[in-house]
Each structure stands twice: as structure tokens, then as C-alpha cells.
Amino acid sequence: MTRTDDRNKTDDTGPSGYAAARLHLLTEGARSGPPRRTALAELTDDWLTGLFTAAAPSAKGISLIAVGGYGRGELSPRSDLDLLLLHDGADPAAVAALADRLWYPVWDLGISLDHSVRTPAEARKTAGEDLKVQLGLLDARHLAGDLGLTAGLRTAILADWRNQAPKRLPELQELCAERAERHGELRFLLEPDLKEARGGLRDATALRAVAASWLADAPREGLADARRRLLDARDALHLVTGRATDRLALQEQDQVAAELGLLDADTLLRQVYEAARVISYAGDVTWREVNRVLRARAVRPRLRAMLGGGKPVAERSPLAEGVVEQEGEAVLARTARPERDPVLPLRAAAAAAQAALPLSPHAVRRMAATARPLPTPWPAEAREQLITLLGSGRPTVDVWEALEAEGLISRLLPDWERVRCRPQRNAVHLWTVDRHLIETAVRASALTRRVSRPDLLLVAALLHDIGKGWPGDHSVAGEIIAKDVAARLGFDRADVAVLATLVRHHLLLVETATRRDLDDPATVRAVADAVGSESTLELLHALTEADALATGPAAWSTWRGSLVTDLVRRVAAVLAGEHPDTEPETAAPTAEQERLAIEAHRTGGPVLALRAQAEPGPPEESAEAGEPLGVELLIAVPDQPGVLPALAGVLALHRLTVRTGGLRTVRLPDDVDDDGSVLLLDWRVAAEYGSLPQAARLRADLVRALDGSLDITSRLAERDAAYPRRRGRAAPPPRVTVAPAASRHATVIEVRAQDAPGLLFRIGSALEKAAVRVRSMHVSTLGANAVDAFYVTSGTGAPLPPEDATATARALEEALRA
């Protein structure tokens, strides 16, 4: 039916004509979505205009105005009509009579009506006192009567809104926050309120109001389409229920999906969730920009006075290679080249999350548009940056959503697309599948001190439910996907196998502990056979807890935790019996290592070699585009006290990060006329940012550190004072333990802590203070986590007595916590 047909239905301007045309419009199948909403608004406009014209032939000084949702032309089948009768102070009796002629026909049809009668001065006064009224008037649209009167009010309301924006926008933000607290997150609710929940239609309207203030604007990409999808769902809900409801109840979702021509209720919810995600992210970005502008306005007069009227220059401080902090956001450095640096999106995300900063939407958009795909398998740096991002705790969520808003996550991990915004029809689950996976990584980041391979724990947390995007048992499907993803990420075969096992059996511990007889040896043996090793069991235990905590309060309890812990204890005992502890033989030194050791012995001082090892890029990448991931640092030094803290301190002073590190004592060849020994250190280091220092400078500082002329502690303290750390995510506290029966020849002290400049120096200094000798060490940095093992002995070369080992571990942990 055309608009002319609609008008013909309402020629008598009476309720019956409008009602018949309205019914025909809502029941015909030709129009739906925006065309139907537009037609319904036009039909209603014509009817109300006819009522007004018949009641007030002379419209001087009075007008009828649509406000709110009706003003925007967003009429759903059961929407209220928001109307304002505006007059210039004419005869009150005449105005009241006209209002009756307008309102009663609406009521007669059973249509909800939100109406008011005001002068322009009264309308502005009420808007100034009531934020909701002001928001409704921002969408004022003339229907009938004195157009000049309507135009004058619109101009005045917009001017008031823009003038009062510094005061009203914080009120609007608070109103949105309170509404979100009451109604929850639209994109995670099984029975969401399409209008009131966070990410719903109210928030979309709030973003329009912010844009009208000219103070800030929302990201436009996808926002109009998201709003349309929610309005379409509300239209279908009204038609299915016959009520003015915004809550998408479970029992009505299949009918609403059918009304929209969708496959099923899950498809409907996924579309709703995707729309809500777009609106929520746009809201986060917009309110952050509003607050930034308001802060800048508050300090600008003082800064101008201090700078003599000049424009202040935004401070930029480095976060990582190609990433800087500016005005409270992580942004790209001026020298960043996303088109030549495929790791940059992950590096920027990891740096932002570690600093608890939002990732600039402009930076994300630029990287999404220009960054090249990562090679397969990923280079080691890309994998490390992903692990760092996943291990950053709560800030990971916002950074991940920023990447997802521009499609970067699905480009990095194509399998993510199947779980994105996927609902979970289980009352225990609080989140959609994709958000549950990120929440599990957040929970796992707090458990990284409990495992020897936090990188595998974090990646398993990200992938454990990835199979829910496929039919059948999600654990079985997930195992296959996890193998493929882990191989693409660049993990070796052994690690791929562990990750596949974790994903396949991520429900094994909790299901066995709560559903089987743990006193039955067959139960424990079956779990042990499935897990295969103590290290995998350790990871599975942490993953089980993280998964349950990320599911919801009903999924984990002290009782469940105790049952799982008991099962893990029993399985560990079986695995320990099957794998007796043996200490691996120490590999013989290479020819180069032996040469360095002899040179160190001959000169009586340290000798070092740096060997750059660049990560291979894609075949078509130019040679100069490949940035070295780090260097192999080989150092030989005559065996003496203080080597570990001295070297670690020098590396920290030169802003070098230790990726991996080994220390061992090597005997000199028989043909060397001496029975002394040399310490050999084989480390992999990389610059935090900038270029690597020259080997000669490293050696010179190491010599000074060993002879005591370089005060490393003071130098590091001065640097920390000059560049205070940002207040970012609070990392879990360090944990230092003595590994039981890990070696027959030494006591093994394990350190698990947040990686930070100077960490290894502090560890080495504490061990020196404890008067223990480091026989060998194995240092690794996994994402943001340092996982170090130190084989220490007494001065006589024997393992430490148990009480001394415990005291040493306790002293080291206290030193790291200080």
C-alpha cells in the first residue's frame, strides 16, 4: 500500500479510518523494518494533522510536535505517541479544548499517549530541570500548526543543550550507567530488554544526544545497522505478543525469529547480541572522548596561562615498539608502519592491556585497514604478544573488544567467527561463548603462578570452548580446532599435543570429581591415562578452576574445589609413580661456548658474543622490513660470586628483556693448564624498545658491576624515580616454592612472578644474600609471566637442608613482594 492509499483510508480524520489503515499496514507482508516504521509514522502524522486542522483552522501561535521516539519516526506497532502541544500563551480554555480534541481520539484507540501542553518558555524550563524531557525535545519534529513556533523551540533547545553540555553530559552518562546496573548487558542476557539494557535502544539514543552536543561523536561504523536490527526485533516482538513490551522472553523468541525470517531463536539472539556489542563499544568510545574533552576544557585556561597562551603539546610516552601512550590511550607512534609490521596489532593490544589503557579506536581502525596478515606459523613475537594480552587480567576484555569491533580478532583467529556472540542457553552461564572464553583467560591470568607453563594455560583458556561453534560434542570438535590453531600460532608438536589434551578434557576433572567414586582406583587411573603427565595435570587443574569461575557463581564452590583438589592429588600420585624422577644429563658445550670459556679463563674477565636472530617474515617481505626479535647473548666468566645479579642488573640498565636464560658451570678442557671452572650463560634477550646496545658497552658495564664500581641498585632506583610506573592492572603476587624431589644434586627453587625490568636482578641479589650458590638456572618469559627455576646448593655443593630451602624460598618471595 502506498502512502496515498494510507491517506485515503483516513480522509474522515476519525479513529476508525486511521485504525483500519494502521491494521492493514501492520498485517500486510509487503513492508517490514524501516519502510514499515516510516509508513506508520507518516500515517500517524497525517491522521494527527487532520485532527489538528479540523480543530484549529487558524493555527497562529500554536503547533503540534512529535518528540522522543515518535519524533525520530521510530514507531513500532505498540509504541507510545509522544506529543507536545506548543502555544505562545494563547487563551488557556481554547488550548485545553484543542488538546481534548487531539488526545481523546488517541485514547479511544487504546494507544498509549505521553502528552504535554507548554509554552516555549515552559518547555525550556522543564527541559532544564528534567534530563529525560530535554532528550525527548532534541528529537522534536513539527506535525501541524505554526511552523515558526516549532522552529524557534527546536533552535532554543539545541542551543541550550550545547551550552549546557559540560553539565548535562555527565548526568546522561550517569543515567546510562544506572540503567545498565538495573537491566544488565543486552549482549549477554538470555531474556534481554531491547530498550533499557546496556547496548540497547536507550543507549543508541543517548549517542545521538552526545552527537547533537557537538562535544564528541560516536563511531559511525555499523551503528545505524545495529539500531535498525534492534528496532526490527522490537517490531516483531510487538506483533507476536500484541503488547508494548521490550523484553525478549524465552517463550517468544522462536516466534519472533520466524516473524523476522530467521532460522531459529539462537540466530535471533546472535543478531541482537551483535547489535548490542556495536552500540556498547560505540558508547564506551564516545563517553571516553566526552570525558577527555571535559578534562581538557577544565585544565586549558590554567595551562594557557602557564604557557603564555600557547597550545599545549600532548605528551607521548613509549609503551612498546610502535606504541605510545597519549592522553590516556594507547596510540600508534608516529614511526609505526602497520603495513610493514604484521605483529603491530597484537603488540599494541598487549601494551595497552598491560598498562590498563584503552586502545585508541583510530589506531585499531588504521591497523585493521593496513596491517598485513601474519605468516603461518606465527613468528615467536606474535605468539608472545598474544599471551601477554591474554595474561593481562581485566583490561584484556576492553582491548579485545576494541580489536573485535574492527574485525581484527576474526582475521587473527578465523575460528573465532563461529563462537562470536553465540548464546549459551544454560542458566549457569553468564556470558556468550566468546565472552566466556575471554573471561576464562582473565580468571586464568590470576592462576599463572600455579603452573609451570602459563602460556599454555592462557591459550587453553582462550580455546577450551572453541568447539561450541560446531555440531556434536564441543570438546571433541574443540580438540581438532585447538590442534590447528596451536600449530598456526607456532607452538611445537609437544605443546600442540598438550593444548589439544587440555581442550579435549577441560571438563574431565570437575565431572569426575563430582560424579564418580574417587576411592575407586579405576576412576583415578582413567583420569591419569587421559591426562598423561604431571605438568598437564597441573595445567588442567588451573584451567578447570578458571573455566568454572568464568561460567558463573553456580559453577564453582568450596565443595567443588575441594573435590577437584582431592582428585588431582590422587592422580598426581599415580603419575609420579609411573614417571620416576631422573635428572637430565647436562649437554656438552658447543665449540663456540668452549672457545668463550677458554678466553674468559685466559683473560680473567667476562667474554661475550651477540648473535642476532631475526624472525623470518613472509616470502614477499623485503629484507629490510624484518625487525630482529632479539639476540642470543653468550657470556663466559670465571666462576665467582655475584655473576647472576651483576649480569641481570646490567641488562636491566640497558633496557633488555630476558626471554630465556640458562646458567651452568662448565669444566675447562683437559689440555688447559688449570683445574678451574667457568660460568657459561646462554640467554636470549630483546630490547624493550629502540635498538640493541653494542656488545662492547655491555661488557664494560659487566666488568664494572663485577668489581663493584657500578652501583646497579642505585641506578635502577634513579631510573624508576624518573619514570614512575603507570597504574595498570594489579598482577598476582609472586610465588616462590621449593620443588620436592626435583633433583638429587641440588635444591630447585621455582619463581613465578610478573615479568618486569630488574626482576632477575632482584632474584639474583636475594639468592646472593641468602648465601646459596646457583648451580644452574632455567629462565623463561611467557607473555607477561616470568617462570624461573634455580638449582641451588650450599657452599659445599650439596643440596640445601629442607629447613634452609624453605627459609631461602620464603626470603626470596618476601624480597620480590617488597
Side-chain angles (χ1 to χ4, degrees), residues 34 67-69 71-74 127 131-132 134-141 154-155 157-177 179-180 186-187 198-231 274-300 311 314 326-332 352 357-369 398-399 401-408:
V67 298
R72 295 188 297 274
E74 294 176 349
L131 179 58
K132 293 181 180 179
Q134 191 168 34
L135 293 175
L137 288 173
L138 288 176
D139 292 310
R141 181 168 59 86
R154 278 184 50 85
T155 301
I157 289 294
L158 280 171
D160 290 344
W161 178 245
R162 286 162 186 160
N163 290 333
Q164 299 166 7
K167 173 189 173 185
R168 302 315 298 264
L169 287 182
E171 292 180 25
L172 178 56
Q173 184 180 12
E174 185 177 352
L175 189 67
C176 292
R179 189 173 62 250
L186 171 54
R187 55 187 171 154
R198 182 173 183 269
L201 293 169
R202 288 277 195 205
D203 281 346
T205 301
L207 294 179
R208 288 169 54 95
V210 174
S213 74
W214 290 354
L215 199 68
D217 197 6
R220 300 298 182 91
E221 187 69 28
L223 194 57
D225 185 63
R227 185 187 188 99
R228 178 191 62 78
R229 286 179 181 274
L230 293 186
L231 287 169
E274 288 175 341
R277 178 186 60 80
V278 172
I279 294 171
S280 295
Y281 176 70
D284 291 340
V285 172
T286 302
W287 288 119
R288 191 163 69 238
E289 178 66 11
V290 166
N291 292 325
R292 186 192 66 78
V293 171
L294 293 180
R295 285 194 304 270
R297 287 190 173 190
V299 301
R300 192 171 296 158
K311 184 178 180 181
Q326 179 178 317
E327 296 184 329
E329 288 186 328
V331 304
L332 297 186
L357 293 171
L359 190 55
S360 162
H362 304 291
V364 180
R365 197 169 300 121
R366 180 184 168 195
M367 291 187 293
D398 291 338
V399 173
E401 288 180 355
L403 296 178
E404 196 162 27
E406 296 296 335
L408 277 169

Visitor: Could you tell me which non-hydrogen atom of Ala402 sits nearest to which non-hydrogen atom of Val364, and how far apart they are?
Guide: O-CG1, 3.4 Å
Visitor: Walk me through whether Leu215 and Leu169 qualify under side chain to side chain contact (heavy atoms under 4.5 Å, CB included).
Guide: CA-CA 9 Å; Leu215 199 68; Leu169 287 182; 3.4 Å; yes
Visitor: Step by step, work out the side chain to side chain contact (heavy atoms under 4.5 Å, CB included) result for Cys176 and Arg202.
Guide: CA-CA 8 Å; Cys176 292; Arg202 288 277 195 205; over 6 Å; no
Visitor: Going by heavy atoms in the side chains, are Trp287 and Val210 under 4.5 Å from each other?
Guide: yes
Visitor: Stepwise, does the side chain to side chain contact (heavy atoms under 4.5 Å, CB included) test hold for Asp203 with Arg179?
Guide: CA-CA 9 Å; Asp203 281 346; Arg179 189 173 62 250; 2.5 Å; yes
Visitor: Tell me the closest heavy-atom pair linking Ala363 and Val331, and the distance in Å.
Guide: CB-CA, 4.4 Å
Visitor: Can you tell if the side chain of Glu289 reaches within under 4.5 Å of the side chain of Arg292, non-hydrogen atoms only?
Guide: yes
Visitor: Would you give the length of the straight line joining atom OG of Ser213 to atom CG of Leu158, rounded to the nearest 0.5 angstrom?
Guide: 10.5 Å
Visitor: In Å and rounded to the nearest 0.5 Å, what is the CZ to CG distance from Arg154 to Asp139?
Guide: 8.0 Å
Visitor: May I ask you to test the Arg365-Pro219 pair for a side-chain heavy-atom distance under 4.5 Å?
Guide: yes
Visitor: Looking at every heavy atom in both Ser280 and Gly199, which two are closest together, and how far apart are they?
Guide: OG-CA, 3.3 Å
Visitor: With a 6.0 Å cut-off (strictly less than), is the heavy-atom count around CD of Glu221, excluding the residue itself, greater than 12?
Guide: no
Visitor: Atom CD in Glu404, atom CD in Glu274: separation rounded to 0.5 Å?
Guide: 9.5 Å
Visitor: Drop me the distance from Arg227's CZ to Glu74's CD, to the nearest 0.5 angstrom.
Guide: 4.0 Å
Visitor: Against Pro166, only a single residue in Val290, Leu294, Val293 fulfils side chain to side chain contact (heavy atoms under 4.5 Å, CB included); can you say which?
Guide: Leu294
Visitor: Determine whether Leu138 and Arg208 make a side-chain contact, defined as any pair of heavy atoms from C-beta on separated by less than 4.5 Å.
Guide: no
Visitor: Taking the basic N atoms (NZ, or NE/NH1/NH2) and the acidic carboxylate oxygens, is any pair closer than 4.0 Å for Asp225 and Arg229?
Guide: yes
Visitor: Please give me the minimum heavy-atom distance between Leu186 and Gly200, naming the atom from each residue.
Guide: CD2-CA, 3.6 Å
Visitor: Taking all heavy atoms of Ala206 and all of Leu172, pick out the closest pair and write down the distance.
Guide: O-CD2, 4.0 Å
Visitor: Could you walk me through whether Arg141 and Arg72 pass the side chain to side chain contact (heavy atoms under 4.5 Å, CB included) test, one step at a time?
Guide: CA-CA 8 Å; Arg141 181 168 59 86; Arg72 295 188 297 274; over 6 Å; no
Visitor: May I ask you to decide whether Arg168 forms a salt bridge with Asp160, counting only side-chain N to carboxylate O separations under 4.0 Å?
Guide: no
Visitor: Would you say Leu230 and Ile279 make side-chain contact, with heavy atoms under 4.5 Å?
Guide: yes
Visitor: To the nearest 0.5 angstrom, please state how far the CG atom of Leu359 sits from the CD atom of Glu406.
Guide: 10.5 Å
Visitor: Look up atom CG in Leu403 and atom CG in Asp398, then write down how far apart they are to the nearest 0.5 Å.
Guide: 11.0 Å
Visitor: Give the minimum heavy-atom separation between Gly283 and Leu207, together with the two atoms involved.
Guide: CA-CD2, 3.8 Å
Visitor: For residues Glu329 and His362, determine if any side-chain heavy atom of one lies less than 4.5 Å from a side-chain heavy atom of the other.
Guide: no
